[in-house]
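Structure first, then comments.
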2 protein chains.
Amino acid sequence: MIPGITNAQGASLLLEALAQRGMRLTGPRRRLVEAIASQKGLFTAEGVHSVVPEVGRATVFRTLKTLVGMGLLCRVPMEHGAPRYGLASRLHHHHLVCVACGEVRDFVRPEVEAILHRLASSADLRVLGHRLEVYVLCAHCQQKEGACSALPLA
Amino acid sequence: MIPGITNAQGASLLLEALAQRGMRLTGPRRRLVEAIASQKGLFTAEGVHSVVPEVGRATVFRTLKTLVGMGLLCRVPMEHGAPRYGLASRLHHHHLVCVACGEVRDFVRPEVEAILHRLASSADLRVLGHRLEVYVLCAHCQQKEGACSALPLA
DNA sequence: CGCATTAGTGATACCTGGTATCATTTTATC
DNA sequence: GATAAAATGATACCAGGTATCACTAATGCG
Ligand SMILES: [Mn+2]
Ligand SMILES: [Mn+2]
Ligand SMILES: [Zn+2]
Ligand SMILES: [Zn+2]
């Protein structure tokens, strides 16, 4: 669910992106993408499949993989439990993951890139990519003091 | 394999740490820890098991988990293929992973922590932890232009 | 040392996230 | 509408890892 637009609009955006790359807009794809666009925050493959159980499991994984490969979804592995998927901004970004409610927020800190650039040039490395994930308790969840089911990577 | 000391010394360090926490120094544990201490860079559960195949598979995973839990090993998930394990320094650190040869180097950049601290206080978040992994081509591997079998998380 | 207690082991079966296969269906194009 | 290529989904399979549980062995005490 992208803030500020409807789920249907979000689904259309994904479908357009698929069409632009020459992928066919099949029935299962449409329904699956609609289910994905309706998810709040991060979701699991299982979770989105349960919304459209008539779509085959293989198709669910295939489509998620395609969308991740296209940069439209992020895949966030967790230390315990299934990896989570989430709608991605198109640009490079990092993740703020609330370990209690699972909400994920993208953030950008150009300083991080600057640090890595300095690190690389001082050590004769070629940086190919990086991943920064920050595990937090969001403002909302700091009240509740609840349990968190799926701890992220420490 | 810890630079500057022998494998036997490295194994002893791990065994001491286990004993200090009241864990028994069993035969399988000794042989497994010896195999772990002899690994160069990152290794897979499968890889270390193949060195001591007489130790049960369950014991391999149990022991790796214990050592990770104690902070003596790091577990580095890869996008494709099995997660890698590596000897950890005790302090918080980040990872420089060469995607070609698999070599991993720990590094520390206090600036990263400073950035996250600022981020947290400005957004009313409680930071519980974070993970920064940088995927590089090391100086040595920039020559070879070889294939890399297991791409890390993009 | 000898024994009891208890942690640890490992064979087995099982679980989960995901993929290969492949006959069948559906889409896009002409 | 015919055609060719892409997609689907049932099925079987794979890999990393865990639960079970009868058995083994490290430890600690007398
Ligand atoms: Mn993201
Ligand atoms: Mn490390
Ligand atoms: Zn939260
Ligand atoms: Zn290298």
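Residue numbers start from 1 in every chain, and the chains themselves are labelled A, B, ... in the order their sequence lines are given, proteins ahead of strands.
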Note: for B/A58 and B/G22 on DNA chain C, the residue whose nearest nucleotide lies more 5' is B/G22
Pairwise 5' ranking along DNA chain C for A/L25 and A/L64, keeping only the more 5' one: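 Here A/L64 is the residue nearer the 5' end.
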Closest to the side chain of A/R24, out of D/dG16, D/dT8, D/dA5, is D/dA5
DNA chain C: first to last nucleotide in contact with chain A (atom under 4.0 angstrom from a heavy atom), 5' to 3', is C/dG17 to C/dA28
Could you check how far [atom1] of [X] sits from [atom2] of [N], rounded to whole Å?
X: B/R31; N: D/dA25; atom1: CZ; atom2: P; value: 10 Å
X: B/E54; N: D/dT24; atom1: CD; atom2: C1'; value: 16 Å
X: A/R30; N: D/dA7; atom1: CZ; atom2: C1'; value: 13 Å
X: A/R62; N: D/dA6; atom1: CZ; atom2: P; value: 14 Å
X: A/R29; N: D/dA5; atom1: CZ; atom2: P; value: 17 Å
X: A/F61; N: D/dT8; atom1: CZ; atom2: P; value: 15 Å

message = Using a 4.0 Å heavy-atom cut-off, does A/G27 contact any base of the nucleic acid, only the sugar-phosphate backbone, or nothing at all?
response = sugar-phosphate
If the cut-off is 4.0 Å, is A/T26 near the phosphate of D/dA7, judged by side-chain N/O to OP1 or OP2?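 Indeed not, no polar side-chain atom of A/T26 lies that close.
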Taking for each residue the nucleotide of DNA chain D bearing the nearest heavy atom, is the 5' side occupied by B/M23 or by B/K65?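 Closest to the 5' end, via its nearest nucleotide, is B/K65.
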Q) Start at the 5' end of DNA chain D and walk down; is the nucleotide closest to A/T63 or to B/P83 reached first? A)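 It is A/T63 whose nearest nucleotide is closer to the 5' end.
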Between A/E133 and B/R131 (side chain of the first, backbone of the second, donor and acceptor by atom type, cut-off under 3.5 Å), is there such a pair? no
With distance as the sole test, does A/R29 use its side chain to make a donor-acceptor pair with the main-chain N or O of A/R24 at under 3.5 Å?
-> yes
Query raised in the report: Any chain of hydrophobic side-chain contacts (each under 4.5 Å) joining A/L128 to B/L132?
Result: no
Distance col, row B/S12:OG vs B/N7:CG, nearest 0.5 angstrom, shows 10.5 Å
Nearest heavy-atom approach of B/L119 to B/S122 is O-OG, 2.9 Å
Regarding B/E103 and B/H140, do their side chains bring together a donor and an acceptor under 3.5 Å, going by distance alone?
no
base_contact_polar (D/dG17 base, B/R57 side chain, donor-acceptor, <3.5 Å):
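Between D/dG17 and B/R57, which were checked side chain against base, a qualifying N/O pair under 3.5 Å is present.
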Do the side chains of A/I5 and A/L13 get nearer than 4.5 Å, heavy atoms only? yes
